[in-house]
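Counting begins at 1 with the first residue of the sequence.
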Amino acid sequence: MKNIRPHWHYALAVILLAVPLLYIHGQFHTCNPFYLNGRQFLTFFLLLMLLINTPILLMRNMMQTAGRTMAAVCLATGCCRLVQGISHHRPVGYLLLLLLLQLLLLGYAAKKVSSR
């Protein structure tokens, strides 16, 4: 009989991605983060970054599995909002700093995984 390992990384990823969406649904009555204004989106994005980067930095094997997908979702969300803000001539400085921080954290996590 095959040894079937539970894919708890993916279950954790779904939970961690759902928490910020549930937060904005409870606070602002929408599940679409692109309907939020700038300050509300930054709160959502900071919560998303915190919840995604913590397990990636703490668990080495998380970066090799679901962590990549979670990080891609976070970066894609931030980049889409960055483009939306630039096209509407809105200030995007804080979001740009958060995206750079996200890239630095992911680079550090990838370097940590590859060195082991």
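Listed here is the closest heavy atom pair of Gln84 and Ser87: O-OG, 2.9 Å. Contact detail for Ile52 and Ala71: the closest heavy-atom pair is CG2-N, 4.1 Å. Nearest heavy atoms, Arg81 versus Gly38: NH2-N, 3.9 Å.
Classification of the Phe41-Phe45 ring pair by plane angle, with boundaries at 30° and 60°, yields parallel.
In the hydrophobic clustering of this structure, Leu101 groups with Leu106; members are Ile, Leu, Val, Met, Phe, Trp, Tyr whose side-chain heavy atoms approach within less than 4.5 Å, directly or through other members. Residues Ile86 and Val83 do not share a hydrophobic cluster, clusters being chains of Ile/Leu/Val/Met/Phe/Trp/Tyr side chains in contact below 4.5 Å. Taken together through direct or relayed side-chain contacts under 4.5 Å among Ile, Leu, Val, Met, Phe, Trp and Tyr, Leu50 and Leu21 form parts of separate hydrophobic clusters.
For residues 42-59, the side chain to side chain donor-acceptor pair (under 3.5 Å) pairs, not counting sequence neighbours, are Asn53-Gln102.
Applying the ring-ring contact (aromatic ring centres under 6.0 Å, His included) test to Phe28 and every residue at least two apart in sequence or in another chain returns nothing. The side chain to side chain contact (heavy atoms under 4.5 Å, CB included) check on Leu51 picks up Leu16, Val19, Pro20, Leu47, with sequence neighbours excluded. With sequence neighbours excluded, the residues satisfying side chain to side chain contact (heavy atoms under 4.5 Å, CB included) with Leu103 are Leu75. The side chain to side chain contact (heavy atoms under 4.5 Å, CB included) test applied to Val73 returns Leu17, Thr77, not counting sequence neighbours. Leu42 pairs by the side chain to side chain contact (heavy atoms under 4.5 Å, CB included) definition with Tyr94, Leu95, Leu98, not counting sequence neighbours.
Between atom CZ of residue Phe44 and atom CG of residue Asn32 there is a gap of 9.0 Å, rounded to the nearest 0.5 Å. With values rounded to the nearest 0.5 angstrom, Tyr35 atom OH is found 14.5 Å from Gln40 atom CD.
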